Amino acid sequence: MLELSNVGASIGIIPILRNLDVTISAAETVALIGRNGAGKTTLLRSIMGFTTVTGSIRFEGEDITGLLPAKRPGLGIGYAPEDRRLFSAFTVEENILLPAQVAKLDAAETKRRLDRVYHILPELKTMAGRPAGNVSGGQGKMVALGRALMLGTRLIMLDEPFQGLAPALALRYAEALKALRDADRTVTLIITESNPSLLRGFASRTLLIERGEVSESSLEHERTH
Amino acid sequence: MNLTIFLLALFDGIAYAALVFSVAVGLTLIFGVMRILNVAHGSLYAVGAYLTATLTGYVLALGFAPLLAFPLMIVSAVLVGVLLGGPIEWLLLRRIYNKPEVLQLLVTFAVFMILEDVQRLVWGTQPYFQASALQALGMVKVFGVNYTVYQLILLPLLALTLLVGLRFFLRHTILGKLILATTEDREAAQSIGIDADKVFLVTFIVGAALAGLGGALASPTTSILPGMGADMIVLSFAVVATAGLGQIEGAAFTALLIGLGRSFAVYVWPETAVLVPYLIMLIVLLVRPEGLFGSPTARKI
Amino acid sequence: MSEILLEARNLQISFGGVVAADDVSLAIERGKNLAIIGPNGAGKTTFLNICTGWIKPTRGKVYFEGQDVTPLPPRRIVRLGVARAFQIPQLFTEHTALENLLISAAAREQLRHPLQNLHRIRERAEMLHLLDMVGCADVADRLVVELSEGQRKLVDIAVALALRPKLLLMDEPTSGVASSEKFKIMEILVKALSEAKVTSVFVEHDMGIVSRYADEVAVWAAGRLQMQGSPEEILRHPDVIRDVIGEAV
Amino acid sequence: KPAELKVGITTFLTGPASVFGVPARDAAEIIVEKLNAEGGIGGVPVALSFIDEGAGAEALTTEFRRQVEGGAHAMMGAISSGNCQTLAPLAEDLQVLNLMWDCGTQQIFEQNDYKYVFRTQANATPEMLATVLYLLKVKPDFKTIAVVNQDYAWGRDSWQIFSAALKALKPDVEVVGEFFPKFGAADFSTEISRLQAMQPDVILSTSWGGDLDTFIQQAAQRGLMNTSTFVIPLAESSLERLGSTLPAGHIVGARGDHYFLHPDRRDDADFQEFMAAFREKTGAHAIYPVFHMSQALAALKAAYEKAIAAKGGEWPEEDEVIAAFEGLTFQGLGREVTIREDNQGIEAQLLGMSVQSGDYPFATLENIMIFDGEALTTPVGQESVEWVSKLTPEYAASVKVDTYEK
Amino acid sequence: MTFRLAIPALLVLAVAAIPFAAPQLQLLMNLALAKGIAVVGVTVLLRAGQVSFGHALYFAIAAYAAAFLSASMPGADLVLVLVVAVAGAVLSGIIVGLFVVRYRGIFFGMLNLAFSMIFWSILEKFYHYTGGADGIRLPRPTVFGMALERGPFELIMFYLSVALVLLLGWFTMRWFASPAGQIFQTIKTNETRLQYLGVSPQRALLSGYILSAALCGTGGVIMGIVQGVVTPEFAWWIRSGEMVFIAVLGGAGSVAGAFVGAVIYETIRTYASAFAGDVWQMVLGGFLLVIILFAPKGVIGIYDAALARLTGKGRSE
Ligand SMILES: Nc1ncnc2c1ncn2[C@@H]1O[C@H](COP(=O)(O)OP(=O)(O)OP(=O)(O)O)[C@@H](O)[C@H]1O
Ligand SMILES: Nc1ncnc2c1ncn2[C@@H]1O[C@H](COP(=O)(O)OP(=O)(O)OP(=O)(O)O)[C@@H](O)[C@H]1O
Ligand SMILES: [Mg+2]
Ligand SMILES: [Mg+2]
């Protein structure tokens, strides 16, 4: 479903990723791990089209290397950036609904997806009416997660979704995501995470990024302490 | 100051405020959405005025009714938006959104300089005057003083319509929401599928068309001549800053303050009339550092 | 000899309908490491904001070394010896990592000479050492905009540390830091803090870190300080397990 | 004998004052083309180069200097009186002949002595004084006056002279309002409301260009011109643009005897030839800066010819040309002008009353009077405002004037 | 390294040779240098991310201070005139600065504009004292007691300007690199952190603001003395805009760029207005567009890039 061949990415003139060859098939759940600054975020942003890439990226058979970033969510890709990036002028619920409005989903479909988000992240419901600019750091991560779930019918990319969440919540969300994935066997998930224990038994594959290159790994090796 | 004089000053102030608002609102919109202080706004304003005068003159020469001047104002505004605003955004601004803001400001400054000369090449140096629209509506007499219906009634009504319309557009339509979202974070907007390029293009065209409309509306009341844009920019800048970042209501309120301030100054202490916009700006910002309707943007920590 | 360094008394603040601090009273002893845990939106960051003068409480007072600092702006409180690392890193993004630290040192030493070069100040070696401590020596000359989120968090901590504070407040210092590094860095950090006799308060979601490095733990929920105690007893408390931890560590 | 006589002219090609600058440049080109076709000055063709005053003082002085150092034989600067104040001492230091061809400030020769700088037309004092005299002649018993002038040096200075003269010549007039809207103001509605409420007998405005047009248009639209008599000393340059807007019965001046239907000159062949050429080139009728330009060029030609004649046909040195300016008489498109010992030109002043006669699609003048310049100009060594304030009502009768009914 | 320094050194020598090698350029160059010094003032603020649309205020204040001093003390010495003028700029910089350093972004820019426009109006309104729109003459000051002719005086002014350019340029660059200068520049990116370092952003901004006022004042007084006349146009907003314009043209934030930009700008403007009087603004605007779109780091950016290519090493960052 997602095929990166010989992908290199640079920011400005600085090369960050080198010659990546990664194939991810449908309904996989991939954990992306690596040290700080290894290039996890850069890889996700490259798939979203926010960096200059060489090589080719194919999504469901289609070459999207040169596609405008704004056109990619329309393919069913949901992306929750690491640094939240909420629209503070809107309420929490408006933030979550906006992608659906952009995609011009009909009311029923929008409602269905919103309900699903609230089902997975019930805490969002309690803060639905609050301005997104005022929520706490962890709450902001939840909103970003919810917003990504609205769009991701084919591929969901979460950049450190549990970072800054209280462990109890993180565990619950991990469970919920797992349930989502199990219920809907067509969605592919890519999650970067610095606390791999949360993904244990959930990720079907683990990729390790190091010095701009990717290799297969396993979560079990990752636990150091 | 007796009541009559007071009322006269009030009327003058409102009429002037309406004009100031309709000119400044486009700048406010562009600044609010794109964070670009569009210096070329002044030129777009001037071109709007020139176009209206020329088109009206042409159409009247063909023997049509003066009332046709009104639709021609809209035509001119749209022409300015599409023919000038579009290319400016598309060819110039688009390339530098990720560069420092001062560069964006200067691109518009450069465009302003170029358009100043273009105006002179196209329309020459002699002032134009085309008041058919204003004359078509006639006069009203208040306390023995003649006012034009155009300035006293039509302009304030139009300004109000613009205010309400834009407010509604930004707050209550999907496109308005997309614009606001793109304003705040281009990349985040793109990552939920908003075509930020298109949003900015549309916004700039609308803002430019509003500048043109400002010029079109002003055209029957004043001489159209080289350099008219420069004056208007400074005034519009003052409105934008006093209003608070991109605050349309703030711009309306500021325009009113400036209009009333100026007309009362002319009645009471004419020497200070020129200073009114700046004094209002100083006082407002002293009390409210984020502008009249602005709110402090606290950094997330 | 348990000397109180920072004391909060009856802090109260709410935003709109949300109560972010509800009668919070807390005393921190000199030389201790206090961990603050709690669910998201409990008011942990808000507490740090109030202690450093960023937000003024509607009620209550904050004392630092016995002095009432409630009305002071952040920079005055900082000058008294309080430093802070942020949940969302606050750095000079167009300066390099090292320069960020050098500026911190210059602020600490109040360097004013107009012809002195920032890069040649005496504190340079000290700053390089700090960067090394948080594992960022290799990005010392990179601009902060070019750093990854995790790297920024670490540099942010180093910048706070460069002030040589008496009290260091850290908001989720290890979130976003790769789990392979977390412990290594905390180890070095805590050692350095105790050598320099710096008191620390850190908000943390990783219970592994809490249990290992905190002398004391405070639990926040819905704007209230729910309980306070040693890590052993707090982390075993059933309410804490239910609301915060989710499973026993 | 040089291959060509290089003349540098400063004029506004950009900015609001280009309403004067551009027609003047066009006029210069027409005149010099004809002059060169007739053999130039003493057999030497004239080569013009223009400097834009609108480009700012730095560019102006730099370029002025560059041209002088590049061998310009004579300079003509400037329109703006600020620029005259800058260029006059510069020309003096550089020892280059400079003809102030259009600026109006009376201060230049009253405050300084110049050897190289001459003014080939009148200054603000005779212009304002003639206006007062005309007003007193056609509307002797008005009681109240208000002024609406541009808020810059000319607007202030001209009002100072005008009001001083009025006070001296007709002390019983009351000034009921003084407005100085900013230069380039686009809207005079408030001032007009205020004036309507005040109802002064006479409203003076020495504004020009777009400001004057706007003011007149707005005043006419709102009926102010039906209740007060306007005195607009620079309106000759706006007549054509104002079209049918300017009603009959208002006093129009021309900063000298400049009018495309000049009663003395309209039938002269050279006058008619020029007017036709000008219309053909620009599509508009000539306005006063065109006349000023013609006078400056005529002065240059006259001075050189006088110096050549004095030298027995040989090409003169610069000093000899300068000397020739003493008492020089020359004629541009208006009446003859004489250079006085203080280098100030003595020029007649023409005023008239607006009328929509139907001969042209805009207002023309009737009841024209041309005042003799000599008696209007501040005597050498005196200061204008002071001199004007000491005038007496008898003085008014002593000024020589020609009246033309049609 | 030597190469990097050689070209600027050659440029300075070339400029210093102008009065002998190309005297017709002397005035142009002197005005450009004066403007360049003022532009450095604007550059200083750009380093803190602030754009002032009103710094012509200090340019004008210094020039008028000089003119008033010369009027009340005929034959005042050049050094005295310079000192008084710059002191005037600094003093007003402190007063206005105390007020405007609370503001950022457009508010900062517009408040500066407001102050300069108010000053401009005062100059025009109180025409009895200020000469109104025509301005007042600034007679040549004496130089160490000697009253000089235009020629030698201009030569002295020229070399004085060159010396000031070198001195002030050097000082500003050193200050940028100093702790105080670096702290000043952090205003651009993060005031929160600055506060949490115990530093008052307001005070940090004020220090740079005063420096910028002093620099603009120095430029203004030189301009006034060289021109021999000061007009309200010195304070007009277009002039403030022009300073920002030049700063970016040369290379935003670069001290050397300010001077190079000023020279290029003055040259283009003068020659364009002489040879393309109708379209000089278009020429200038077009030039700026090309620079911004194709070399956003300004002329200095082009120079750096060319140098990097010449010396064969890409810049490390
Ligand atoms: N704007 C930029 N300019 C230059 N280099 C950058 C830029 N952004 C990121 N980098 C570099 O790219 C590398 C990869 O960064 P990235 O954000 O992808 O790391 P990451 O794996 O997500 O790290 P973390 O776990 O800390 O978030 C880092 O070394 C970083 O320094
Ligand atoms: N400036 C503000 N305006 C309005 N509400 C605020 C503001 N700051 C915080 N809040 C609210 O107060 C509550 C406490 O926020 P705080 O940031 O202190 O939480 P936290 O405990 O740090 O959470 P997290 O672990 O997610 O960072 C949250 O519900 C938040 O939405
Ligand atoms: Mg990352
Ligand atoms: Mg928090």
Side-chain angles (χ1 to χ4, degrees), chain B residues 2 4-5 7-9 11-13 15-16 19-20 23 49 116-117 120 124-131 134-135 138-139 141-148 150-152 218-228 230-232 235 259-260 262-268 270-271 273-275, chain D residues 12-23 25-26 54 148 151 177-199 208-224 226-227 237-238 240-243 245 282-284 287:
Chain B
N2 61 33
T4 317
I5 301 275
L7 287 175
L8 289 180
F11 295 151
D12 284 319
Y16 185 64
L19 197 61
V20 171
V23 177
E116 284 297 285
D117 276 348
R120 232 163 359 86
T125 54
Q126 298 297 317
Y128 277 65
F129 206 91
Q130 178 51 261
L134 180 139
Q135 280 148 1
M139 316 276 269
K141 203 163 182 127
V142 193
F143 303 118
V145 171
N146 287 316
Y147 283 97
T148 62
Y150 183 83
Q151 282 169 296
L152 192 63
S219 70
T221 70
T222 186
S223 300
I224 304 158
L225 71 170
M228 69 184 290
D231 244 23
M232 218 56 215
L235 185 63
L260 292 178
R262 198 186 78 123
S263 67
F264 279 94
V266 169
Y267 278 85
V268 180
E271 290 293 301
V274 183
L275 290 181
Chain D
F12 277 97
L13 300 176
T14 58
S18 53
V19 292
F20 297 144
V22 172
R25 179 194 59 185
D26 295 339
V148 184
D151 189 14
E178 296 181 50
F179 300 97
F180 290 90
K182 85 174 157 59
F183 184 88
D187 179 51
F188 299 91
S189 308
T190 317
E191 286 83 359
I192 289 170
S193 303
R194 188 82 212 276
L195 288 167
Q196 289 201 357
M198 281 177 192
Q199 303 229 336
W208 49 266
D211 295 29
L212 179 66
D213 294 7
T214 308
F215 181 50
I216 297 291
Q217 302 267 9
Q218 295 180 347
Q221 280 158 7
R222 294 181 51 187
L224 182 60
N226 304 334
T227 50
S237 57
S238 285
E240 187 169 359
R241 288 195 306 269
L242 284 171
T245 310
T282 66
I287 53 175

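Within every chain, numbering begins at 1; the chains are lettered A, B, ... in the order of the sequence lines, protein sequences first and strands thereafter. Owing to the predicted nature of the structure, the values given are computational and were not obtained by experimental measurement.
In this structure, Thr245(D) and Phe129(B) have side chains that are not in contact, with every pair of non-hydrogen atoms separated by 4.5 Å or more. Proximity of Ser193(D) to Tyr267(B): side-chain heavy atoms (C-beta onward) are separated by under 4.5 Å at one or more points.
Of all heavy-atom pairs between Asp12(B) and Ser189(D), the closest is OD1-O, 3.7 Å. Among all heavy-atom pairs drawn from Ser18(D) and Arg120(B), the shortest one is OG-CD, 4.5 Å. In this structure, Gln221(D) and Pro220(B) approach most closely via the heavy-atom pair NE2-O, 3.9 Å. Contact detail for Asn146(B) and Arg222(D): the closest heavy-atom pair is O-NE, 2.7 Å. Among all heavy-atom pairs drawn from Leu13(D) and Thr125(B), the shortest one is O-CG2, 4.3 Å. Shortest non-hydrogen contact noted between Thr214(D) and Thr222(B) is CG2-OG1, 3.5 Å.
Of the atoms belonging to Arg241(D), it is side-chain heavy atoms, and not backbone ones, that fall under 4.5 Å from chain B. Heavy-atom distances place the side chain of Val22(D), and not its backbone, under 4.5 Å from chain B. The contact between Leu134(B) and chain D is made entirely by side chain atoms (from C-beta outward), counting heavy-atom distances below 4.5 Å. Contact of Gln126(B) with chain D is made through backbone and side chain together, with heavy-atom distances under 4.5 Å. For a residue to count as touching a neighbouring chain, one of its non-hydrogen atoms must lie under 4.5 Å from one of that chain's; by this rule Gln199(D) does not touch chain B. Of the two parts of Gln151(B), only the side chain, counted from C-beta on, holds a non-hydrogen atom closer than 4.5 Å to a non-hydrogen atom of chain D. With a 4.5 Å cut-off on non-hydrogen atoms, Tyr147(B) touches chain D through its backbone and its side chain both. Proximity to chain D is limited to the side chain of Met139(B), based on heavy atoms less than 4.5 angstrom apart. Proximity to chain D involves both the backbone and the side chain of Val145(B), based on heavy atoms less than 4.5 angstrom apart.
Note that CD of Gln196(D) and NZ of Lys141(B) are 7.0 Å apart. Values are rounded to the nearest 0.5 Å.
Judged purely by atom type and a 3.5 angstrom limit, Ser223(B) uses its side chain to pair as donor or acceptor with the backbone of Gly210(D).
Heavy-atom pairs under 4.5 Å with chain D were tallied for Pro127(B), Ala218(B), Gly227(B), Ala15(B); the largest tally goes to Pro127(B).
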